Colleague: 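After the structure tokens below, expect a handful of questions from me.
In listed order, ligands and their atoms are each counted from 1. This one's a predicted model, so the numbers in the text were calculated from it and none came from an experiment. Position 1 is the first residue of the sequence; numbering continues from there.
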Amino acid sequence: MIYPLSAFRFPDDPARLFPGTPERELVLEIGFGDGRYWPSRVQQVPVAPNYLGVEVSGASLLKAQRRLTRAGIVNAHLSKLPALVMLDAVLPEQCLSEIIVNFPDPWPKQDHLEMRLLRVPFFRLAASRLRAGGALLLTTDHREYFEFACREADESEVMRAEPGAAPPAALETKYARKWRELGLEVYHARFTPTAHPQLPRPDIRPYPPQPPQPPEPAQQETDAVPHAILTASQSLDFSDFQKSALRGPGYTVVLLDAYRSLSRPEYSVLAHVEESELTQEVLVTVTHRADGSTLVRLAKFGGPVITAGVKAAVGAVTAELVQRGGAVTHSGY
Ligand SMILES: C[S@@+](CC[C@H](N)C(=O)[O-])C[C@H]1O[C@@H](n2cnc3c(N)ncnc32)[C@H](O)[C@@H]1O
């Protein structure tokens with residue numbers, strides 16, 4: 001199931017997140033990509049631990065969700081969140097039995113080193129969230145990052161690195177297969193806490209919790225940005241914009257508001273899109289172009305996941321323009 005940030009409490013209680021299996025261990029995977037690791041991993045154990053996956057790529061999220069559904073794994077939640085938010089704000093102290101990091105982005109350039117995840121502050125946070133006996137498992141093809149991570153763990157003074165052979169499931173991810181085909185070596189270490197530091201928690205206002213919705217296969221992701229082109233409509237003026245709602249198969253779209261750009265002949269329409277597994281606020285831009293046409297397009301802002309509902313939001317904004325005298329010459333949503 002996909003959990004938006006608003007579905008969590010700060011900090012949350014793992015037993016609340018997994019009411020059907022509260023007694024099981026909890027594993028966090030960071031940057032699960034297309035989600036091959038966990039289905040492969042649970043094949044090797046009699047009882048699947050509870051699983052939380054965080055990933056910043058929306059397209060990966062839905063691919064991974066489909067893999068979990070196909071594998072029949074129900075005690076697993078995915079979230080489009082940066083790892084540090086999950087660790088710092090959501091998870092309580094000493095709740096995790098494992099943290100999995102497979103093939104993290106290596107950020108190899110010298111002036112990008114601070115973008116790397118596995119640095120001292122991360123190791124301190126990870127050590128505070130792991131239970132006694134828990135471990136962080138790192139697998140990577142990038143030798144320099146691997147050595148860097150081992151040094152950072154050492155400098156954190158709360159984690160100890162034990163290099164070893166990568167577990168089989170870590171060799172089945174998309175990136176593992178890619179590097180294997182190229183004949184590249186893979187490096188693995190198990191980092192175990194030597195202390196559980198007490199870190200100050202971020203001051204976050206609790207959201208009213210949303211009950212998770214049952215999964216439904218209505219969503220589809222695509223890499224193409226939903227858009228439409230219209231002949232010049234009478235007016236781009238949305239000052240009389242009215243909130244409106246649209247329901248379709250598996251989604252509800254509410255066009256909430258329209259904002260005029262101060263610098264360009266452009267409006268941005270804020271849309272709330274609800275689907276079974278996912279709730280998103282997206283922006284749809286309406287741009288008056290030099291050739292007299294009008295471009296309606298999903299904005300990249302916030303990294304929206306392109307689903308049937310999001311496409312419908314672009315369609316709803318296009319329909320608004322048609323009502324204002326525009327005629328659609330091309331649509332891609
Ligand atoms: C090189 S890919 C590896 C994907 C997958 N683990 C695999 O082995 O195929 C790194 C992944 O980490 C994700 N990522 C990068 N920074 C992240 C962060 N701070 N929190 C969560 N995911 C992150 C990226 O979006 C990307 O999908």
Colleague: Counting both backbone and side chain atoms, is some N or O of G31 under 3.5 Å from an N or O of ligand 1?
Modeller: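 Such a contact does occur with ligand 1.
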Colleague: Within a distance under 4.0 Å of any heavy atom of T173, pick out the atoms of ligand 1 and give their elements.
Modeller: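 Going through ligand 1 atom by atom, the ones under 4.0 Å from T173 are 7 (C), 8 (O), 9 (O).
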Colleague: Check R151 with E155, please: is the shortest side-chain N to carboxylate O separation under 4.0 Å?
Modeller: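 Salt bridge: no.
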Colleague: At a 4.0 Å threshold, what atoms of ligand 1 neighbour a non-hydrogen atom of A83?
Modeller: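 Answer for ligand 1: 18 (C), 19 (N), 20 (N), 21 (C).
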Colleague: When you measure from atom 14 (N) of ligand 1 to every protein heavy atom, which one gives the shortest distance, and what is it?
Modeller: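 The answer is V56 CG2, 3.7 Å.
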Colleague: Who gets closest to atom 26 (C) of ligand 1 by heavy atom: E172, H142, E55?
Modeller: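 Among E172, H142, E55, the closest heavy atom to atom 26 (C) of ligand 1 belongs to E55.
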Colleague: What are the atoms of ligand 1, with element, lying closer than 4.0 Å to any heavy atom of P82?
Modeller: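 Numbered from 1, ligand 1 contributes 20 (N).
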Colleague: Within the structure provided, determine whether V328 and T231 are in side-chain contact (heavy-atom separation under 4.5 Å).
Modeller: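 A side-chain contact is absent here, since even the closest heavy-atom pair is not under 4.5 Å.
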Colleague: Judged on heavy-atom distance to atom 15 (C) of ligand 1, which of D105, L87, L81 sits nearest?
Modeller: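 Looking at heavy atoms only, the winner is D105.
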Colleague: For ring pair (Phe, Tyr, Trp, His ring centres under 6.0 Å), just list the numbers for F18 and H77, CA-CA rounded to whole Å, side-chain angles, deciding distance to a tenth of an Å, and then say yes or no.
Modeller: CA-CA 9 Å; F18 297 95; H77 304 319; 4.4 Å; yes
Colleague: So, the side chain of T139 versus the backbone of N102: is there a donor-acceptor pair under 3.5 Å, distance only?
Modeller: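 No, because the side chain of T139 does not come within donor-acceptor range (under 3.5 Å) of the backbone of N102.
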Colleague: So which protein heavy atom does atom 1 (C) of ligand 1 come closest to, and at what separation?
Modeller: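 Answer, as residue, atom name and distance: F103 O, 3.0 Å.
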Colleague: Taking only heavy atoms of N102 into account, list the atoms of ligand 1 that are under 4.0 Å away from them.
Modeller: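 Matching atoms, with element in brackets: 3 (C), 5 (C), 6 (N), 8 (O).
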Colleague: I want to know whether F8 and Y3 have ring centres closer than 6.0 Å.
Modeller: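 Yes - the distance between ring centres of F8 and Y3 falls below the 6.0 Å cut-off.
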Colleague: Considering the heavy atoms of K174, write down every atom of ligand 1 situated less than 4.0 Å from one of them.
Modeller: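 Going through ligand 1 atom by atom, the ones under 4.0 Å from K174 are 9 (O).
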Colleague: Could you tell me whether R116 atom CZ has more than 12 heavy atoms of other residues or ligands within 6.0 Å of it?
Modeller: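 Buried by this count: over 12 neighbours within 6.0 Å.
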Colleague: For the ring pair F123 and F191, is the centre-to-centre distance below 6.0 Å?
Modeller: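 Centroid distance F123-F191: below 6.0 Å, so yes.
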